[in-house]
Enquirer: 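Structure below; questions to follow.
In the text below, chain A, chain B and the rest are named by the order of the sequence lines, each starting its count at 1.
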There are 2 protein chains.
Amino acid sequence: MPREIDRRAARTRRALHQALLTLMLRKGYEALSVQDIIDEADVGRSTFYAHFTGKEDLLRSGFQLLREELKEAHSAVPATAAASHDHPLGFSMAMFEHAARYADHYRTMIGGRGGAVTENEIRLILAEMVRQELPPTLEGDTMPRDFVVQFIVGAFLTTLNWWFERKPGLLPSEVDAMFRGLVLDGLSPLIGDQRR
Amino acid sequence: MPREIDRRAARTRRALHQALLTLMLRKGYEALSVQDIIDEADVGRSTFYAHFTGKEDLLRSGFQLLREELKEAHSAVPATAAASHDHPLGFSMAMFEHAARYADHYRTMIGGRGGAVTENEIRLILAEMVRQELPPTLEGDTMPRDFVVQFIVGAFLTTLNWWFERKPGLLPSEVDAMFRGLVLDGLSPLIGDQRR
DNA sequence: CGCAATCCCGGACAGGGTGTCCATTATCAT
DNA sequence: ATGATAATGGACACCCTGTCCGGGATTGCG
């Protein structure tokens, strides 16, 4: 059974993650200090460093959580009409569907001001996820693969930002269709154009 | 005529810009302190703050220079075979040709380790440049335009990185052709597919 | 109950970076 | 020569980082 004493530590970690999210939404990532975070989380300074080595460690750890949550969501709610499992871009589709559904969650990380590090961080994480889930049978050369990943991530972030800032009225399903269209239209000439 | 006294100030600024580039290539941007920069440039602390408000100010200013240099290069050496002036993506093409020719210069900013801030900074600058030079007559809706910009910037950075890290033997002209192919193939379905 | 393990806390510390101010010196224009 | 503009070193107050330690609180277990 999970020992109570572990749960205490877990709760502290969760409090810190939550504090980071809250503050990022308000001030952005760059402007944040460890001081701010532990104040928000109401946690001692020493305690923070007992769990994480620094600010970026906390951030990475947070992304790790999001990532696991994402993969789980993808395999758990398997076959959406469009984001089928066997489509080569299925995972990316599912990823965006997830983002569209939990938009607030994503807005925290993408929309927050001063997100220089944050946005690049997100980009890297997303890219890694997309790359890992891309079927290895796309093309021979390595360049197209890298580019496909970049393309998807770009479409992902651009579409979300566009939604948040320009067309907040749209429904998740509409934005989702937009994303799908962009990816398919733009990517078809670059990959084998399988099914479509 | 330009007063000698102004030139002195200009030389100081140039020294600082140069120092920043040199150090970025060696240590990346994040790890840099103002101290390092003024040491490298052999300039007093107070002098630095007399010209710039801080590290990022210096960086921005450096990008500003690059940007002017770029626009000048584009209009001065007008009609390359491929990057014609009247093609809707002409400026982007010229931009990449420039990057391919002065690869070392770009490698400094893109390749340097720890380039989190840097890379996002570059992304923003490039995006702004591309956006401004895109003909306003691409599509009606605003979304495709944002996306086209993102697409181009993504292709730009991805291709350069791929070149630097994976295929350093290729000639600038070959990489250039690759970039052009990617952009045209990927973008044709999204814009009016003009000429091609 | 009592002991040990585990976690959390506050405070203190050295080290380094930042941005500002000022008095002083060097360089240039006329 | 003289006033204007630049550059300088140094000092200062402030904030942030990581680390360390002693003590207090909670939990697991005999």
Side-chain angles (χ1 to χ4, degrees), chain A residues 1-24 26-62 65 112-118 121, chain B residues 1-24 26-62 65 112-118 121:
Chain A
M1 74 205 90
R3 303 180 37 181
E4 267 310 309
I5 207 161
D6 294 334
R7 305 197 135 205
R8 208 168 15 137
R11 198 148 37 98
T12 301
R13 293 175 65 92
R14 238 177 297 132
L16 286 170
H17 280 132
Q18 186 54 47
L20 177 63
L21 276 190
T22 304
L23 291 179
M24 269 173 57
R26 197 183 314 157
K27 305 173 53 179
Y29 173 80
E30 300 250 50
L32 249 54
S33 71
V34 173
Q35 204 67 30
D36 297 331
I37 301 174
I38 66 181
D39 283 353
E40 173 74 22
D42 206 47
V43 149
R45 181 173 189 69
S46 334
T47 308
F48 176 90
Y49 283 105
H51 286 277
F52 304 98
T53 71
K55 203 175 44 156
E56 343 82 33
D57 189 25
L58 176 61
L59 183 67
R60 296 234 169 223
S61 162
L65 289 184
R113 201 64 292 260
V117 163
T118 314
E121 200 69 41
Chain B
M1 75 204 88
R3 300 180 39 182
E4 267 310 310
I5 206 162
D6 294 334
R7 306 198 136 202
R8 209 171 10 140
R11 200 148 36 100
T12 301
R13 292 175 66 91
R14 240 177 296 131
L16 287 170
H17 279 132
Q18 186 54 46
L20 178 62
L21 276 191
T22 305
L23 292 180
M24 268 173 60
R26 199 183 314 159
K27 305 173 52 180
Y29 173 80
E30 301 251 49
L32 248 54
S33 72
V34 173
Q35 204 67 32
D36 298 330
I37 300 174
I38 66 181
D39 283 352
E40 172 74 22
D42 206 47
V43 151
R45 180 173 189 70
S46 332
T47 308
F48 176 89
Y49 282 106
H51 286 277
F52 305 98
T53 71
K55 204 176 42 157
E56 345 80 35
D57 189 25
L58 177 60
L59 183 67
R60 294 231 171 226
S61 164
L65 289 184
R113 203 60 294 256
V117 162
T118 314
E121 200 69 39

Enquirer: How would you list all residue pairs meeting salt bridge (charged side-chain N to carboxylate O under 4.0 Å, His left out) that involve residues 43-60 of chain A, not counting sequence neighbours?
Expert: R60(A)-E121(A)
Enquirer: Rounding to a whole Å, what distance do you find between L58(A):CG and dC16(D):P?
Expert: 17 Å
Enquirer: Is the phosphate of dC7(C), meaning OP1 or OP2, less than 4.0 Å from a side-chain N or O of H51(A)?
Expert: no
Enquirer: Report the distance from atom CZ of R7(A) to atom P of dA5(C), rounded to the nearest whole Å.
Expert: 24 Å
Enquirer: Taking all non-hydrogen atoms of both residues, which atom of G62(A) and which atom of H17(A) are closest, and how far apart?
Expert: N-NE2, 3.5 Å
Enquirer: If I compare all heavy atoms of L58(B) with all of L16(B), which pair ends up nearest, and what's the gap?
Expert: CD2-O, 4.0 Å
Enquirer: What's the CZ-P distance between F52(B) and dA6(D), to the nearest Å?
Expert: 13 Å
Enquirer: Whole angstrom is fine here: how far is it from CG in L16(A) over to C1' in dC8(C)?
Expert: 12 Å
Enquirer: Once you round it to whole Å, what is the distance between P of dC9(C) and CD1 of I38(A)?
Expert: 9 Å
Enquirer: Under a 4.5 Å cut-off applied to non-hydrogen side-chain atoms, are H51(A) and V43(A) in contact?
Expert: no
Enquirer: Starting from P on dT27(C), measure out to CZ on R11(B) and report it in whole angstrom.
Expert: 11 Å
Enquirer: Do the side chains of L32(B) and L20(B) get nearer than 4.5 Å, heavy atoms only?
Expert: yes
Enquirer: Among dA7(D), dC9(C), dC7(C), find the nucleotide with the atom closest to the side chain of V43(A).
Expert: dC9(C)
Enquirer: Are any of T47(B)'s side-chain N or O atoms less than 4.0 Å away from OP1 or OP2 of dA6(D)?
Expert: no
Enquirer: Rounded to the Å, how far apart are D42(A) CG and dC7(C) P?
Expert: 20 Å
Enquirer: Can you measure D39(B) atom CG to dT8(D) atom C1' for me and round it to whole angstrom units?
Expert: 14 Å
Enquirer: Nucleotide by nucleotide, 5' to 3', does protein get under 4.0 Å of the base (B), only the sugar-phosphate (S), or neither (-) in nucleotides 15-21 of chain C, counting heavy atoms?
Expert: --SBBBB
Enquirer: Could you check if a side-chain atom of V34(B) sits within less than 4.5 angstrom of a side-chain atom of F52(B), using non-hydrogen atoms only?
Expert: no
Enquirer: For A41(B) and A15(B), which heavy atoms make the closest approach, and how far apart are they?
Expert: CB-O, 3.8 Å
